[in-house]
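Just so it is clear: chains get the letters A, B, ... in the order the sequence lines come, proteins before strands, and each one is counted from 1. Because the structure is predicted, anything quoted here is derived from the model rather than measured. Both backbone and side-chain heavy atoms feed into the values below; hydrogens, waters and symmetry mates do not.
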Amino acid sequence: MKQIAKVVVDVPVMQTNQPYDYAIPPTLIDRLQVGMRVEVPFGPRHIQGFIVAIVNEPDFEGELKEIIRPLDLEPVLTKELLQLGEDMADQVYAYRIHCYQTMLPPVMKAKYEKEFYLLDGHQAEDVQIVFQGEDVISWDRALEIEALPQLLEWKKQNIVDIRYLVKSKARVKKKTVYQKNISPSEIEEEMNQLSKQAKSQRALLEVLMAIEPEAWLTREQFREQFDIMPRTLQIAVEKGWMITEDKEVYRDPLKNRHFAQTEAKVLNEGQQIAYQAVKEKIDSNQHDVFLLKGVTGSGKTEVYLQLIGEVLAQNKTALMLVPEIALTPQMVHQFKGRFGGEVAVMHSRLSTGEKYDEWRKIKRGEARVVVGARSSIFSPVENLGIVIIDEEHETTYKQEENPKYHARNVAIYRAKYNHCPVVLGSATPSLESRARAQKNVFHLLELTERANQQAMPDVRIIDMREEFQSNNRGNFSQILQDKIRDRIDKKEQTVLLLNKRGYSSFIMCRDCGYVHECPNCDISMTFHMDTKGMKCHYCGHEEPVPNRCPKCQGNQFRYYGTGTQKVESELQELFPDARIIRMDVDTTRKKGDHERLLAAFGRGDADILLGTQMIAKGLDFPNITLVGVINADTSLSLPDFRSSEKTFQLLTQVSGRAGRSDLVGEVIVQSFNPDHYAIRYAQNHNYDGFYRQEMALRHQSGYPPYYFTTQITVSDLDEKKAQTKIYEINAKLRNKLEGQTIILGPSRSSIARMNNRYYFQLLIKYKQKENLHEVLKEILDASQKDNAKGLYISIDTEPVNFF
DNA sequence: AGCACGCCGACT
DNA sequence: GTCGGCGTGCTC
């Protein structure tokens, strides 16, 4: 008889990062299952936990407490996800509880409340004043009326006690539905008794005569189909003509939207070969990882769609990951159009309620295809048949907060567990993945032709240094201006990319060179045209533009950098007749903005689409024949060994937006480093050339994929404490690690202070793990005390961004 | 994370 | 002599 539950509790610290044993009370023996959330006593409190195992014998040798209650009717985590969470916690140096919370929709994170309740027989007057005749008072209310010290005192005197509440935030949306509860003969009778003026009721009775007896109809259906108003329905219920029930409904993030059914297209030879290779693994339930490298416009999506179609035909499920910004309605349309209601969509713009409902659809097996961003890799699907990661090189697949997992690794883990293939798709694979394909760890599949047989667009590089010398100080070279003019005249469309990566607009005093910095972070503040204010991108601090230089009292400021707004006004000046749509964080802040702007551009409401990175993806409009990159090289100067790779990927990506139909596309790239290899190879659409050269450089300087990397960051409000700690860690690492391990640093982070915390870091480069894992875990274990004092140590395996 | 326990400085 | 500061350790 099993009666001991092992529970991972909601206390995210190193000391409690292990399951605790609890007795299962007799009343709950049949109701508790592995993977459920439960409320348990922990010390004097009540908290939430996850049952990770149910066993016969406890490991703990003390007296066990009992589980208080289950928080779910069914397990929310499958056995697979429980195991994954445990392994992931170990690999990315995270807490197990954090991993489990990350796998679930946010509503499942417990909310805790405390309240004081009156013990029997204490009716003293002063007590009554506080409790106001009730027998409980919430902690917050006590705080509000400043009765907290008094109540804590009463607790000592056993007059009141504290109750800890675990609240669930999950709310199921309900809708009232109506069913008729009256026979045809009764309807006749009622009709005869109605007064002549009761026209609405008469109309309703006629409707009731016509509809099916078992049908449940909503208020909206009565209104839209029969023109019956809610008030009439209410009368009908009062008179007993109809009964009501509250039925569970899903919040539909795509409601009122129609998706035209699409059919599978005939695959070309390359697509067919790729499809077949993956299908074989699906058929034989074998794990494998494929790297599908296809030039922009080569029809990767159609291959994905048909593979998923095959998986569904075999009664399995599919996970389809896309980068957050590519999760546009255009993309969703393709999947909804092919698979309809089988598709669940998951991304950060859904409300918490919508996320919860999409999650439940997946859990219940009602949606067997999940299209989503990073975290949807944890979808509770069973019988997984394929995992596809589109744009696999994108760094958004790496979570930058804890747990710092990479969706690609999780995908491979889950596919192994489910004996199914993974497809990593990209026009510009990450060097890591491409190198793995080279070593036959992954299988390389290539699509070298564009699906429409269209040639790759012609890419021309403009040397902006020359423009500068010939006294053109603007952002647009003469040639780009001519081309834009030409497109406007021909009624074709232009896309302009402003590369904002590693870039900000700041103000500087012309007299003394003072740069306006954030008071909390050691970084210059960004000037925002729309609010005419300064804003810190790291902590959100805002202030007006200073009138006078705080240092020398001068009042001449120079505005550096190029914001999209500034470029837009320059563009409008150059082309007064052009209709321009600007797309950046400022114009896409509200839900649906993104979609609205794209749809407008797609309809031809504008001649020019000007935007940041977010326009580089998924844009597929036939009338775009010119793509201009205003500043190709800002991303080259990032203090990051991947800066060339990122630049190459961005240029290739955005070039692919041109010439996707019968019209020939053209790309203009403006640069101050026109001879840089990343730009040259992007010009010639030569991924392989770039790959070889970049690999040689990485080899030379000892970076991934030749070495693995792990970054350790220490932060504290006190600069000295953080610095001491990082040197301590450094000494320990150098002492314990040997062989080919290299440690870079320690050093101040490139943003040395953020939100008043000081950051120090070091980077470990290694070929074999050896004992690194053990040493890092030791460091983390020992960090417990520091943590309590506000000194944080963070370990990031394979970081994708370096600060 | 909370919370209790416990050991030293400033007060009625 | 006591109140309360927060350093330390525990939670099945």
Just wondering, do A:T710 and A:Y766 contact through their side chains at under 4.5 Å, heavy atoms?
yes
Considering only nitrogen or oxygen atoms on both sides, find all protein atoms under 3.5 Å from nucleotides 4-6 of chain C and state each distance.
none

Contacts table for residues 41-55 of chain A: side-chain donor-acceptor under 3.5 angstrom, sequence neighbours left out:
| residue | atom | partner | partner atom | Å |
| --- | --- | --- | --- | --- |
| A:H46 | ND1 | A:E39 | OE2 | 3.0 |
| A:H46 | ND1 | A:Y164 | O | 3.4 |
| A:Q48 | OE1 | A:A110 | N | 3.4 |
| A:Q48 | NE2 | A:M108 | O | 3.4 |

Counting only heavy atoms and a strict 4.0 angstrom limit, can you tell me which residues of residues 780-791 of chain A come near DNA chain B?
none
Taking A:D10 as the fixed residue, which of A:Q101, A:R37, A:H98 is the one that meets the side chain to side chain donor-acceptor pair (under 3.5 Å) rule?
A:Q101
Flag for A:N409-A:E798: side-chain donor and acceptor within less than 3.5 Å:
no
Counting only non-hydrogen atoms, which of residues 718-729 of chain A are less than 4.0 Å from DNA chain B?
none
Does the side chain of A:S430 come under 3.5 Å of the side chain of A:E392 through a donor N or O and an acceptor N or O?
yes
Partner of A:R757 under side chain to side chain contact (heavy atoms under 4.5 Å, CB included), chosen from A:L717, A:L791, A:V714
A:L717
Figure out the OH/C1' separation between A:Y792 and B:dA1, and round it to whole Å.
10 Å
Could you check whether A:Y22 gets within reach of a base, just the sugar-phosphate, or nothing at all, counting any heavy atom under 4.0 Å?
sugar-phosphate
Return the value, rounded to whole Å, for the distance between atom CG of A:D10 and atom P of B:dA1.
11 Å
Residues A:D87 and A:Q83: side-chain donor-acceptor under 3.5 angstrom:
yes
I need the CD-C1' distance between A:Q48 and B:dA1, as an integer number of Å.
14 Å
Does the ring of A:Y100 carry A:R96 above it, NZ/CZ under 6.0 angstrom from centre and within 45° of its axis?
no
What string of B, S and - do you get for nucleotides 2-12 of chain B 5' to 3' if you count protein non-hydrogen atoms under 4.0 Å?
SS---------
Do the side chains of A:Y727 and A:F760 get nearer than 4.5 Å, heavy atoms only?
no
Would you please determine if the base of C:dC12 is stacked by A:F60, with stacking meaning a centroid separation under 5.5 angstrom and planes under 30 degrees?
yes
Taking CZ in A:R69 as the centre, count heavy atoms belonging to other residues, nucleotides or ligands within less than 6.0 Å. Is the count above 12?
yes
Would you say A:T352 and A:K169 are linked by a side-chain donor-acceptor pair, where the criterion is simply a distance under 3.5 Å?
no
If the condition is salt bridge (charged side-chain N to carboxylate O under 4.0 Å, His left out), which residues does A:K736 pass it with, not counting sequence neighbours?
A:E778
A:I47 CD1 to C:dT11 C1', straight-line distance once rounded to whole Å
8 Å
Give a yes-or-no answer on whether the side chains of A:S348 and A:E324 include a donor-acceptor pair shorter than 3.5 Å.
yes
